[in-house]
Amino acid sequence: MQPENNNHHAIHTMSAQVPTFAELSPANGQSSPQELTALQGHVAFFDRDGDGIIWPSDTYRGFRNIRFGVFLSLFSAFVIHGGFSWFTYGTWYPDPFFRLKVANMHNAKHGSDSESFTKKGQFDEDRFNDMWNTYTDPPHDSITAMQVFRLIRGNVDPFDLFGWFATIFEWSSTYLFLWPQDGRMRKEDVKGVYNVRIRLSLICHSIRILLSQPLGVNLLGNRKARKEKGELNGFLPQINSP
């Protein structure tokens with residue numbers, strides 16, 4: 001492991017070179033990346049060939065690319081495509097391949113959420129800020145797991161079992177992706193997950209944690225022990241030290 005200042009230099013260099021999510025997937029059924037709504041951009045990363053259609057295998061590979069484990073990647077693909085394919089594919093009958101259409105992602109907006117996306121799939125920053133300020137403590141720059149739990153409870157709709165599950169799944173995935181070293185997800189990082197027309201600073205944030213902090217325990221076992229054995233296959237991106 002190199003000194004911390006070298007790690008930060010490497011992270012800064014990577015941050016300057018990485019493309020946007022829209023640049024990684026330039027078509028997505030639109031005439032240009034700039035026409036993507038925030039919700040379409042939210043899923044554009046998984047449409048790597050830019051044809052506007054996301055297969056379950058695309059979603060699986062996308063989660064593996066951000067270093068989710070095999071089981072969680074399979075589970076995520078199953079939940080996302082099983083729950084949203086019919087609503088986004090645009091046919092009266094379910095798609096037999098459980099594909100998603102990026103152009104129709106606004107139809108996948110479910111109940112019991114934070115309402116940070118509008119019905120048209122646009123990001124509502126005022127609603128996001130109101131939600132954030134309601135459930136976080138001053139100076140409202142981060143959120144803990146317990147505050148997320150209160151946020152979820154505060155937004156649930158009666159008898160909306162699917163919405164409850166989807167919201168828990170989405171926030172859990174966000175936490176695992178960011179994996180904050182102090183247990184507090186930063187506001188700008190969470191906003192970046194909602195509104196994905198930003199550079200891949202979230203990945204660099206995760207790399208910073210891996211390079212500068214001791215590793216703790218994740219859902220699949222002791223990460224520190226696995227790192228010492230050279231078997232680290234956790235949720236966050238891994239790179240070699242410079």
Exercise for the section: Establish whether F71 and W179 are linked, either directly or via other cluster members, by ILVMFWY side-chain heavy-atom contacts under 4.5 Å. Expected result: yes
Handout entry: Hydrophobic cluster membership, F45 vs V43, 4.5 Å side-chain cutoff
Key = yes
Handout entry: Test item: side-chain donor near acceptor, H81 and S85, under 3.5 Å
Key = no
Practice task
Just say parallel, tilted or perpendicular for the rings of F162 and H110, cut-offs at 30° and 60°.
Solution key: perpendicular
Problem - E115 and K109, any side-chain heavy atoms less than 4.5 Å apart - result: yes
Problem - Test log, rule side chain to side chain contact (heavy atoms under 4.5 Å, CB included), inputs F165 and L161 - result: CA-CA 6 Å; F165 175 81; L161 295 179; over 6 Å; no
Handout entry: Residues in salt bridge (Lys or Arg N to Asp or Glu O under 4.0 Å) contact with R184, at least two apart in sequence or another chain
Key = none
Fill in the blank from the handout: Scanning both residues in full, the closest heavy-atom pair of W92 with W86 reads O-NE1, 3.3 Å
Problem - Point-to-point distance, once rounded to the nearest 0.5 Å, from OG1 of T88 to CG of L100 - result: 4.0 Å
Handout entry: Heavy-atom closest pair, residues Q122 and T37
Key = NE2-CG2, 3.6 Å
Problem - Closest heavy-atom pair and its distance - P56, A77 - result: O-CB, 3.8 Å
Handout entry: Pairwise side-chain contact, Y135 with N155, heavy-atom cut-off 4.5 Å (strictly under)
Key = yes
Handout entry: Heavy atoms from other residues, nucleotides or ligands near CZ of R127 exceed 12 (cutoff 6.0 Å)
Key = yes
Problem - Nearest heavy atoms of K187 and N129, plus distance in Å - result: NZ-OD1, 3.0 Å
Exercise for the section: Compare all side-chain heavy atoms of Y60 with those of L74 and state whether any distance is below 4.5 angstrom. Expected result: yes
Practice task
Check whether any side-chain heavy atom of T174 lies under 4.5 Å from a side-chain heavy atom of V148, and answer yes or no.
Solution key: no
Completion exercise
Note: Y175 and P180 closest approach over all heavy atoms is CE1-CG, 3.7 Å
Practice task
Using a strict 4.0 Å threshold on nitrogen-to-oxygen distance, state whether K120 and D124 make a salt bridge.
Solution key: no
Practice task
Look at the side-chain heavy atoms of Ile, Leu, Val, Met, Phe, Trp and Tyr, link any pair under 4.5 Å apart, and say whether F87 and V102 land in one connected group.
Solution key: no
Practice task
Could you grab the distance from atom CZ of R64 to atom CG of L72, nearest 0.5 Å is fine?
Solution key: 10.0 Å
Practice task
Kindly indicate, with the supporting measurements, whether the criterion side chain to side chain donor-acceptor pair (under 3.5 Å) is fulfilled by D137 and Q147.
Solution key: CA-CA 9 Å; D137 299 324; Q147 289 168 343; 3.1 Å; yes
Completion exercise
Nearest heavy-atom contact between L178 and V190 is CD1-CG2, 4.1 Å
Exercise for the section: Assess R61 against F63: is NZ or CZ under 6.0 Å from the centre of the six-membered ring, and within 45 degrees of the ring's axis? Expected result: no
Exercise for the section: Would you confirm whether W171, through its side chain, and A166, through its main-chain N or O, come within 3.5 Å as a donor-acceptor pair? Expected result: no
Handout entry: Pairs flagged by salt bridge (Lys or Arg N to Asp or Glu O under 4.0 Å) wherever residues 86-96 is involved - sequence neighbours left out
Key = D95-R99
Problem - Hydrophobic cluster identity match, F98 and V79, side-chain contacts under 4.5 Å - result: no
Fill in the blank from the handout: Applying side-chain contact (heavy atoms from CB on, under 4.5 Å) to F78 and not counting sequence neighbours gives none
Practice task
With rounding to the nearest 0.5 Å, note down the distance linking CH2 in W164 to CG in D157.
Solution key: 9.0 Å
Fill in the blank from the handout: Rounded to the nearest 0.5 angstrom, the OG1-CG distance for T118 and L39 is 8.5 Å
Practice task
Calculate, to the nearest 0.5 Å, the distance between atoms CD1 and CZ belonging to I80 and F169 respectively.
Solution key: 4.5 Å
Problem - Inter-residue atom distance M105.CE - D47.CG, 0.5 Å rounding - result: 11.0 Å
